[in-house]
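Note sheet for the following structure.
Heavy atoms only: backbone and side chains are in, while hydrogens, waters and symmetry mates are out. Note that ligands are numbered from 1 as they come in the structure, with each ligand's atoms numbered from 1 the same way. No experiment lies behind these values; they were computed from the predicted model shown.
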Amino acid sequence: MTFDWLIVGAGFSGCTLAERIASQLRQTVLLIDRRPYLGGNAADALDPHGIFVHLHGPHIFHTRSREVWNYLSAFTSWRPYQHRVRALVDGLAIPIPFNLDSLKALSTPAAFKSASTLLLHAFGDGAEIPILRLRRHRDPGIRAIATFIYEKVFHNYTLKQWGLPPDQLDPSVTARVPVRLSRDDRYFTDPYQAMPLDGYTPMFERMVQSPLITLRLNTPFLEVPARQYRRLVYTGALDELFAYSRGALPYRSLRFDAEHLPVQRFQHAATVNYPNTELFTRITEMKYLTGQAAPGTTIVREYPQPHQPGVNEPYYPIPLPANRDLHEDYLADLPSLDRPVLALGRLADYRYYNMDQAVARALALFDSLPGRLRT
Ligand code: FAD
Ligand code: UDP
């Protein structure tokens, strides 16, 4: 049989597009993934100790987009959840994003009073300021506070995570976690934040349950004969698609180290960051994320690593101009393939997407499909 579409990658991007093509166009889809499970990096499962874990690090769903929220709500109910993160700094567990309570914890009362007054006067109550902007402020007093925060929380964490200091990366990376002039200690402030009630994997199963979608796991793209499909959607990395003809696109990888402990709770927040100590960046205790009640607990440490194709996973595109240029060059190669190819997703777009952004991108791409691909 020839499928109308082959979709490579069964993560948020691939599952969303498969679902749209099947339900809206009534066309057939062969959805493949080389991994043995659905869901891409958002996949979850029971670990050997009966604890629900996220297989590729903590995944918290949050969005400002009503459209994305409504779309996914057709496939899952939700459990309201607010993610809270602490960082261990100078032996103290301080709120992250760095807020007024973090400043207070690390300062003498007099230093806190003068620093908070200066910041609130300059930016206003409740402001959220990216650390790199704070460091460039014209007031030397504010720059001194920025340097203090930078060194306590951002510099070493970013070196560990990316192998580069914050100012050598696109400013959008550290702007994800701005300095916050309030006591709000939620990690995300989007209006919609929740976890799929019975997990991500069941949500993906419902997204692809149409009889028009054939799911094949453990299936790398190169194993699918070209005669089996008319059109291609590709959500993997473009350098791999072109056999690294222009060189490897740089990604950052992680090693996840899970440990099961015979205690109810290991730590006082879902995630604890270790900016200045340890080789890992953070520890996440999965039970906070999933809401599971169980006598034991599983924690996951994240050890950043350079990406080596074929050895570990390309988790983070590294947003630097030279890398974006190389990605553009690979994009320009797409029309040289033997049939229409749509490339999307965190890997193929080479963009630091959150889950909702991957869904929004897939929905927008579907809406913009030209008429000739809709029949
Ligand atoms: P992916 O999930 O990467 O899926 C791509 C799939 O394609 C993979 O399953 C891969 O196996 C498959 N594939 C690739 N090449 C081939 C091939 N040649 N043949 C067959 N299959 C192939 N987002 C949030 O919103 N909140 C969070 O808290 C959050 N935490 C994160 C934590 C970590 C550690 C990481 C790495 C990401 C996190 N994200 C988070 C981002 C989130 O994982 C992504 O936005 C989302 O998974 C992107 O979906 P995708 O389908 O584009 O890509
Ligand atoms: N960051 C930091 N210290 C922290 C938390 C974050 O320096 O305690 C920086 C770091 O560069 C990190 C970026 O902010 O890569 C984005 O953090 P986020 O938690 O959004 O990263 P992700 O969950 O995507 O790994």
Side-chain angles (χ1 to χ4, degrees), residues 6-17 31-43 54-63 68 83 85-89 94-98 102 130-131 149-150 152-162 164-166 169-170 172-178 187-188 190 193 195 200 204 216-224 234-238 240-241 251-254 256 270-276 281-282 284 289 300 302 304 313-317 344-349 351-362:
L6 172 67
I7 299 186
V8 179
F12 265 101
S13 304
C15 288
T16 302
L17 216 52
L31 174 63
I32 64 162
D33 204 296
R34 58 154 67 110
R35 293 175 177 166
Y37 43 81
L38 262 176
N41 288 341
H54 296 177
L55 299 180
H56 301 270
H59 276 72
I60 298 97
F61 186 82
H62 59 99
T63 189
V68 169
H83 194 50
V85 176
R86 296 285 181 268
L88 267 190
V89 175
I94 61 164
I96 298 290
F98 193 100
S102 319
I131 185 65
I149 300 171
Y150 183 86
K152 294 287 182 202
V153 171
F154 287 97
H155 184 251
N156 293 330
Y157 186 105
T158 304
L159 267 181
K160 257 196 275 190
Q161 172 73 8
W162 298 93
L164 292 169
L169 281 163
D170 192 283
S172 61
V173 172
T174 41
R176 291 166 62 92
V177 187
Y187 203 58
F188 305 109
D190 287 348
Q193 187 186 170
M195 304 297 276
Y200 287 98
F204 289 116
R216 281 193 204 143
L217 300 172
N218 297 302
T219 305
F221 171 52
L222 290 178
E223 284 183 11
V224 184
Y234 188 82
T235 73
L238 291 189
E240 186 187 344
L241 177 63
Y251 288 91
R252 197 75 179 149
S253 190
L254 293 171
F256 298 107
T271 297
V272 176
N273 291 356
Y274 291 76
N276 307 316
T281 49
R282 56 188 179 189
T284 298
L289 275 54
V300 178
E302 296 176 45
E313 295 287 335
Y315 282 127
Y316 294 84
L344 78 159
R346 175 147 151 153
L347 290 168
D349 285 336
R351 296 279 291 271
Y352 192 168
Y353 287 149
N354 293 324
M355 294 181 277
D356 65 321
Q357 294 170 307
V359 174
R361 161 81 167 123

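- Residues Pro58 and Arg282 have side chains in contact (heavy-atom distance under 4.5 Å, counting atoms from C-beta outward).
- Closest to atom 20 (O) of ligand 2, if we only count protein heavy atoms, is Arg176 NE, 2.8 Å.
- With Ser253 contributing its side chain and Pro314 its backbone, the two residues share no donor-acceptor pair below 3.5 Å.
- Near Leu254, the atoms of ligand 1 lying under 4.0 angstrom from a non-hydrogen atom of the residue are 34 (C).
- In this structure a side-chain-to-backbone donor-acceptor pair under 3.5 Å is present from Asn276 to Lys152.
- The distance from ligand 1 to the heavy atoms of Gly11 drops below 4.0 Å at these ligand atoms: 4 (O), 51 (O).
- In this structure, Thr219 is part of the shell of residues with a heavy atom less than 4.0 angstrom from ligand 1.
- Under 4.0 Å from ligand 1, the heavy atoms of His56 that appear belong solely to its backbone.
- Shown in contact with Gly236 at under 4.0 Å from a heavy atom are these atoms of ligand 1, numbered in order with element: 14 (C), 15 (N).
- Leu6 has its side chain within reach of Val224: a pair of non-hydrogen atoms, C-beta onward, lies under 4.5 Å apart.
- Between the side chain of Arg346 and the main chain of Tyr353, a donor-acceptor pair closer than 3.5 Å is present.
- Heavy-atom contacts of Gln161 reach the following atoms of ligand 2: 15 (O) (cutoff under 4.0 Å).
- At distances below 3.5 Å, at least one donor-acceptor pair connects side-chain atoms of Tyr200 with backbone N or O atoms of His59.
- Taking each heavy atom of Leu347 and Tyr251 in turn, the nearest pair found is O-OH, 3.1 Å.
- Judged purely by atom type and a 3.5 angstrom limit, Thr158 has no side-chain atom pairing as donor or acceptor with the backbone of Pro165.
- For the pair Val68/Phe61, a side-chain contact is recorded, criterion being any heavy-atom separation below 4.5 Å from C-beta on.
- The N/O atoms of Glu302, backbone and side chain alike, include none that comes under 3.5 Å of an N/O atom in ligand 1.
- Contact atoms of ligand 2 toward Phe154: 2 (C), 7 (O) (distance under 4.0 Å to a heavy atom of the residue).
- Residues Ile60 and Tyr187 form no side-chain contact, since every pair of their non-hydrogen atoms from C-beta on lies 4.5 Å or further apart.
- Residue Leu347 has no N or O atom closer than 3.5 Å to an N or O atom of ligand 1.
- At the top of the distance list for atom 19 (N) of ligand 1, counting protein heavy atoms only, stands Phe221 N, 3.0 Å.
- Below 4.0 Å from some heavy atom of Gly9 lie the following atoms of ligand 1, by number and element: 6 (C), 7 (O), 12 (C).
- Contact atoms of ligand 1 toward Tyr316: 33 (C), 34 (C) (distance under 4.0 Å to a heavy atom of the residue).
- Protein heavy atom nearest atom 3 (O) of ligand 1, with residue, atom name and distance: Asn41 ND2, 3.4 Å.
- Across the listed options Phe188, Tyr315, Tyr353, Tyr352, Tyr315 owns the non-hydrogen atom lying nearest to atom 36 (C) of ligand 1.
- Listed by number with element, the atoms of ligand 2 under 4.0 angstrom from any heavy atom of Tyr352 are 16 (C), 21 (O), 22 (P), 24 (O), 25 (O).
- Phe188 does not carry Arg176 over the face of its six-membered ring by the limits of under 6.0 Å from the centre and within 45° of the normal.
- Between Thr174 and Leu169, every side-chain heavy-atom pair lies at or beyond the 4.5 Å cut-off.
- For atom 35 (C) of ligand 1, the closest non-hydrogen atom on the protein side is Arg346 NH2, 3.9 Å.
- The protein heavy atom nearest to atom 3 (N) of ligand 2 is Val153 O, 3.1 Å.
- No side-chain donor-acceptor contact under 3.5 Å links Tyr37 to the backbone of Gly40.
- Assignment of Phe61 to the shell around ligand 1 is not supported, since no heavy atom sits closer than 4.0 Å.
- Distance alone, capped at 3.5 Å, places no donor-acceptor pair between the Glu302 side chain and the Leu254 backbone.
- Looking at Arg34 next to ligand 1, an N or O pair under 3.5 Å apart turns up.
- For ligand 2, the polar-atom distance check against Trp162 finds a nitrogen or oxygen pair separated by under 3.5 Å.
- Nearest-heavy-atom check against atom 14 (O) of ligand 2 across Val173, Val272, Thr158, Asn354 picks out Val173.
- When only non-hydrogen protein atoms are considered, atom 17 (O) of ligand 2 lies nearest to Val177 CG2, 3.5 Å.
- A distance-only check finds no donor-acceptor pair linking the side chain of Tyr315 to the backbone of His56 [under 3.5 Å].
- Comparing heavy-atom distances from atom 23 (N) of ligand 1 across Gln193, Met355, Arg282 singles out Met355 as nearest.
- For ligand 2, the polar-atom distance check against Tyr187 finds a nitrogen or oxygen pair separated by under 3.5 Å.
- There is no protein heavy atom less than 4.0 angstrom from atom 53 (O) of ligand 1.
- For atom 50 (P) of ligand 1, the closest heavy atom belonging to the protein is Ser13 OG, 3.4 Å.
- In terms of polar-atom proximity, Ile96 is not counted as a contact of ligand 2, lacking any N or O under 3.5 Å from an N or O of the ligand.
- Short contacts between ligand 2 and Tyr316, defined as distances under 4.0 Å to a heavy atom of the residue, involve ligand atoms 22 (P), 24 (O), 25 (O).
- Which parts of ligand 1 touch Phe12 is read off a 4.0 Å heavy-atom cut-off, strictly below it: atoms 49 (O), 51 (O).
- Given atom 42 (C) of ligand 1, the protein heavy atom at minimum distance is His59 NE2, 3.6 Å.
- Atom CG of Asn273 is separated from atom CD1 of Ile94 by 9.5 Å, given to the nearest 0.5 angstrom.
- Counting only heavy atoms of the protein, atom 32 (C) of ligand 1 lies nearest to Pro58 O, 3.5 Å.
- Ile60 N, 3.4 Å is the protein heavy atom nearest to atom 27 (C) of ligand 1.
- Under a cut-off of 6.0 angstrom, the local environment of CZ in Arg252 is crowded, with over 12 non-hydrogen atoms contributed by other residues, nucleotides or ligands.
- Looking only at heavy atoms of the protein, atom 2 (C) of ligand 2 is closest to Tyr157 CD2, 3.4 Å.
- Atoms of ligand 1 found under 4.0 Å from any heavy atom of Pro220 (numbered from 1 in listed order, with element): 19 (N), 20 (C).
- A salt bridge links Glu313 with Arg35: the closest approach of a Lys/Arg side-chain nitrogen to an acidic carboxylate oxygen falls below 4.0 angstrom.
- When heavy-atom distances to ligand 1 are checked against a 4.0 Å cut-off, Leu241 has no atom that comes that close, whether in backbone or side chain.
- The protein atom (non-hydrogen) at minimum distance from atom 8 (O) of ligand 2 is Asn273 ND2, 2.9 Å.
- By the criterion of a heavy-atom distance under 4.0 Å, the side chain of Arg282, and not its backbone, is placed next to ligand 2.
- Side-chain contact between Cys15 and Leu31 is present, with heavy atoms from C-beta onward closer than 4.5 Å.
- Under the 3.5 Å distance criterion, the side-chain polar atoms of Thr16 are left unmatched by any main-chain donor or acceptor of Gly14.
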**Message:** Run Lys160 and Tyr274 through side-chain contact (heavy atoms from CB on, under 4.5 Å) and show every step you take.
**Reply:** CA-CA 10 Å; Lys160 257 196 275 190; Tyr274 291 76; 4.2 Å; yes
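- Within the listing of ligand 1, atoms 52 (O) sit less than 4.0 angstrom from a heavy atom of Gly345.
- In this structure, atom 12 (C) of ligand 1 lies nearest to the protein heavy atom Asp33 OD2, 3.4 Å.
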